[in-house]
Amino acid sequence: MPKKTKTKTIGRVAKNPGYNHKTIEKKWQKIWEEQGTFRADDGSLKPKFYGLDMFPYPSAYGLHVGHFKGYTLSDVVAKRKMMEGYEVLRPIGFDSFGLPAENFAIKTGIHPAAATKKAIENIRRQFKAAGLGYDWSREVIASSPDYYRWTQWMFLQLYKNGLAYRKKAPVNFCPSCKTVLANEQVVEGKCERCGSGVSKKLLEQWFFKITDYAERLLEGLELIDWPEKIKTIQRNWIGKSYGTDIQFSFFTGIKEEDDKKLEVFTTRVDTLFGCTYVVIAPEHPILEKLKPLVSNWEEAASYMAGALSKTEIERSAEDREKTGVELRGVRVVNPVNNKDLPVFIADYVLMDYGTGAVMAVPAHDQRDFLFAKKHGLPIIEVVKPKNGETTLPERAFEEYGVLQNSEVFSGLTSEAGAADIAKYLAKRGQGKTTIHYRLRDWLISRQRYWGAPIPMVKCVKCGWQPVEDRDLPVLLPRIKDFKPTSDGKSPLARSKAFVKTVCPKCGGKAERETETMDTFVCSSWYYFRYTDPKNKAVFASPELISKWLPVDLYVGGVEHAVLHLLYSRFFTKALKDFGYVEIDEPFSKLYSQGLIYYQGAKMSKSKGNVISPDSIVVQYGADTLRLYELFMGPMDQASEWSDNGVAGVYRFLHKTWHLRYKVSDSIEDSVGITKILHKTIKKVSEDLDHFRTNTAISALMILANELDRQLAVSKESYLKFIIMLAPMAPHLGEELWQSFGGTSSIFKNKWPVYDENLIKDEMASFVIQVNGKTRGKIEMKTGISEEEAKGLAKNSEIAHKWIAGKEIAKTIYVPGKLINFVTQL
RNA sequence: GCCUGGGUGGUGGAACUGGUAUACACGAGGGACUUAAAAUCCCUUGAGAGCGAUCUCGUGUGGGUUCGAGUCCCACCCCAGGCACCA
């Protein structure tokens with residue numbers, strides 16, 4: 001194929017050099033790096049802006065264009081903040097511990113440390129090639145000992161303050177990843193990472209007491225500027241319920257005083273008279289104590305074992321089939337009417353919510369209803385609808401209503417009845433109003449290799465002991481056989497050199513904890529480290545933390561709504577309580593970018609529909625990649641990638657480039673051009689304030705088209721246009737800025753300001769409507785009086801044609817916009 | 001089932017607190033330049049009727065409020081996401 005010229009001849013003026021993204025992008029990336037253009041100055045006196053992207057996970061497969069949407073947005077905001085006089089902190093690092101790296105290593109046989117290092121290098125290259133203005137001098141890598149030393153320190157702080165503890169409990173276990181998982185990592189009964197069905201295992205594990213912060217985590221949401229959607233997800237996850245704890249006493253045979261009572265939780269005390277049995281979760285510890293009384297213990301024990309062995313999916317896939325076993329020989333008393341009631345164990349009652357036991361009211365709870373039907377238990381209706389018909393006997397009636405069959409409380413409304421029954425119970429010491437949360441403590445132990453070792457030691461004499469701060473970090477040993485096993489033991493247990501240690505307290509023989517921490521622990525505090533990444537004495541100096549935090553803008557995906565975003569808030573609150581930080585919430589403003597779809601599906605490696613930014617950068621350049629992602633549609637909505645759309649913004653950048661040849665020092669712009677320029681400055685400034693990058697770009701395109709129609713363009717107008725474009729297309733911005741005499745980075749320059757007086761229109765076209773239908777328009781002065789405007793409109797041809805003899809009953813006048821004649825009423 | 005978002009041309013999407021629906025871009029069609037192609041530039045592009053100026057219809061569906069509704073209210077349908085035996 002014959003190639004005529006080396007320079008591309010895109011654009012009209014072939015003799016002038018064309019837009020060559022390859023040379024200018026490389027050139028500016030080098031300059032930025034050498035000059036430290038985007039490095040934050042801790043000593044600056046300017047107002048601060050901390051713009052942060054969610055800690056990226058260094059995938060071995062690199063990032064696809066979908067990942068760049070958020071990064072580009074925050075980059076635009078940060079660059080514009082620089083131009084508005086802020087000292088901008090925009091750090092980056094890598095959340096490099098965790099399951100995917102390890103699973104990749106297992107698959108390929110490459111050690112996770114080596115695989116991670118390579119993945120980081122690749123992504124670092126991708127970031128730089130996209131022109132993202134990170135302060136690389138602050139890079140933080142979670143799997144490096146300098147970092148995880150402080151992750152371990154965080155653990156110890158939580159431990160010393162009673163927020164890290166060990167307990168034996170049924171926990172989620174992924175048979176494929178061969179490790180336990182936090183509640184938040186189980187999605188619809190499946191492992192968040194690999195999709196395998198999760199089962200329950202009774203294990204002793206480390207937990208963080210996030211439940212102590214349930215209320216504060218809920219309250220804090222009121223004060224932060226986050227998408228309502230994410231706040232709602234967190235509220236639901238925390239799940240606050242007001243209700244009553246009620247004591248049912250056992251009839252006979254129990255020795256210890258404390259165990260004579262069974263406590264249940266209900267949100268519907270008003271239905272207490274309708275209780276016909278009680279149900280205990282199969283994992284409930286009280287069952288051991290009831291054992292001597294139970295005549296069918298074998299049956300019960302086998303049910304208990306069965307419930308535990310089921311996977312989450314099995315437990316819910318049975319489609320609400322309510323199984324259970326009656327504990328024969330055990331009876332309880334309903335405290336309000338002394339009725340003697342049977343006791344069941346059933347797995348529809350969950351051990352880790354409420355008290356692990358419920359009072360069953362089949363008439364007014366659908367689950368209890370199904371169970372009662374199946375087991376032939378009585379159904380007593382105690383709530384009648386206030387108006388309308390009850391859903392009984394087809395299904396439970398779950399609404400509020402008026403009480404009946406409730407002795408002295410009959411006739412009261414549910415609301416009043418609930419209050420009175422609760423008061424009655426409280427007076428007799430048989431119940432109290434309480435609050436329960438759905439939030440569970442955060443299980444952080446992992447039986448995996450690639451994580452930060454938990455800095456605890458088990459001494460034969462002294463039990464669990466924390467590693468001394470001065471002995472941190474507990475280094476992750478480099479072992480060859482890092483594969484997980486199904487025995488519930490961590491791969492680290494196989495390293496004798498690692499396990500064997502001495503007790504920090506007594507100096508005697510001791511063994512190290514071999515489990516590692518959930519990666520979400522690493523990412524719960526990294527935003528503090530960025531302020532002071534090299535500090536060896538503390539995780540970050542208090543001065544720098546208070547200088548930079550909270551994060552002013554945090555950009556990332558919604559998928560972390562109950563994981564990272566909840567955990568980080570918990571960490572910040574805990575660190576505040578320990579006296580290390582002064583803030584209560586780490587991220588003042590959160591923005592979640594929408595996903596990018598391609599070929600009708602979410603872009604993902606497994607679906608094989610990923611587009612690499614690398615190929616776009618080579619073909620069109622980083623500025624085109626950035627601009628297209630910003631132009632696709634509203635930032636917070638999902639949108640479909642279009643190859644043709646990319647070419648479209650590329651054309652716009654060419655046009656922008658070629659406009660430089662129309663720039664003249666000697667001309668002054670027409671009033672019309674000046675007006676459009678100032679309108680554009682207003683529009684782009686406001687749009688960017690609200691992250692409406694798509695309409696901001698559209699406004700810049702309109703301006704460019706308008707400038708292109710002129711024979712010549714003033715340097716001043718052109719440069720204002722370039723400054724506005726620069727945060728989005730930084731390489732092109734810098735290059736053009738420099739070619740017109742700019743000596744320092746365009747980002748050290750001021751963002752343009754519009755003049756309200758120059759925007760005002762002298763003339764406006766008034767829409768003429770008749771009976772609300774648009775019939776035409778008339779040009780009139782904007783300052784025209786109502787009378788005059790109406791008169792002009794009335795005498796217009798349009799009005800004559802459509803009114804034609806009919807009487808005008810009413811005239812609607814909207815200044816500067818519209819006149820509507822109403823002929824009939 | 002419950003809780004969020006969202007349904008606008010062939011496509012991605014504009015439309016401020018109710019006031020010219022479809023900005024900007026893509027695609028498509030036509031033309032210019034070219035031996036030709038690419039690139040670039042110009043014109044057309046919601047549907048229907050008409051030679052035409054124009055007219056009628058049109059923002060998921062059906063109602064309502066209003067001089068006027070993509071925008072507000074009611075009912076419903078569809079799509080995406082979140083939660084889901086939480087007592």
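Lettering of chains follows the sequences in order, A, B, ..., and the numbering in each one begins at 1.
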Discussion item. Rounding to an integer number of angstrom, what distance separates B:rA38 and B:rA21 when you compare their C1' atoms?
Written reply: 37 Å

Worksheet item: In chain order, what residues pass the salt bridge (Lys or Arg N to Asp or Glu O under 4.0 Å) check against A:Lys790, with sequence neighbours excluded?
Response: A:Glu786

Discussion item. Just to be sure I understand: a Watson-Crick pair is purine N1 to pyrimidine N3 plus N6-O4 or O6-N4, both under 3.5 Å. Using that and G-U wobbles, which stems of three or more pairs involve RNA chain B?
Written reply: B:1-7 with B:77-83, B:10-12 with B:24-26, B:27-32 with B:40-45, B:46-49 with B:54-57, B:60-64 with B:72-76

Worksheet item: Listed by chain and number, what are the side chain to side chain contact (heavy atoms under 4.5 Å, CB included) partners of A:Ala418, not counting sequence neighbours?
Response: A:Val269, A:Asp270

Discussion item. Under the rule for side chain to side chain contact (heavy atoms under 4.5 Å, CB included), what residues qualify as partners of A:Asn20, not counting sequence neighbours?
Written reply: A:Lys22, A:Thr23

Practice prompt. Mark up nucleotides 14-27 of chain B, 5' to 3', with B wherever a protein heavy atom is under 4.0 angstrom from a base atom, S wherever such an atom reaches only the sugar-phosphate, and - elsewhere.
Written response: S-B--BBS-BBSSS

Discussion item. Tell me every residue that passes side-chain hydrogen bond (donor to acceptor under 3.5 Å, both in side chains) with A:Ser642, counting only those two or more places apart in sequence or in another chain.
Written reply: none

Discussion item. Taking B:rC77 as the reference, what is the distance to B:rU45 when you measure between their C1' atoms (whole Å, please)?
Written reply: 32 Å

Worksheet item: Among all residues two or more places apart in sequence or in another chain, which pass the side chain to side chain contact (heavy atoms under 4.5 Å, CB included) test with A:Leu287?
Response: A:Ile280, A:His284, A:Leu290, A:Trp297, A:Met304, A:Leu327, A:Ile345

Discussion item. In whole Å, measure the gap between the C1' atoms of B:rA69 and B:rA32 for me.
Written reply: 45 Å

Response to the item:
Hits for side chain to side chain contact (heavy atoms under 4.5 Å, CB included) against A:Glu706, two or more places apart or cross-chain, chain-then-number order -> A:Ile673, A:Ile676, A:Arg709, A:Gln710

Worksheet item: At under 4.0 Å, does any side-chain N or O of A:Tyr348 touch on OP1 or OP2 of B:rA87?
Response: no

Worksheet item: Under 3.5 Å, side chain of A:Tyr591 to main-chain N/O of A:Leu73, donor-acceptor pair present?
Response: no

Item to complete: Mind checking side-chain hydrogen bond (donor to acceptor under 3.5 Å, both in side chains) for A:His564 and listing every partner two or more places apart, or none if nothing turns up?
Response: A:Tyr554, A:Ser568

Worksheet item: So, is A:Lys810 near the phosphate of B:rC67, with a side-chain N or O under 4.0 Å from OP1 or OP2?
Response: yes

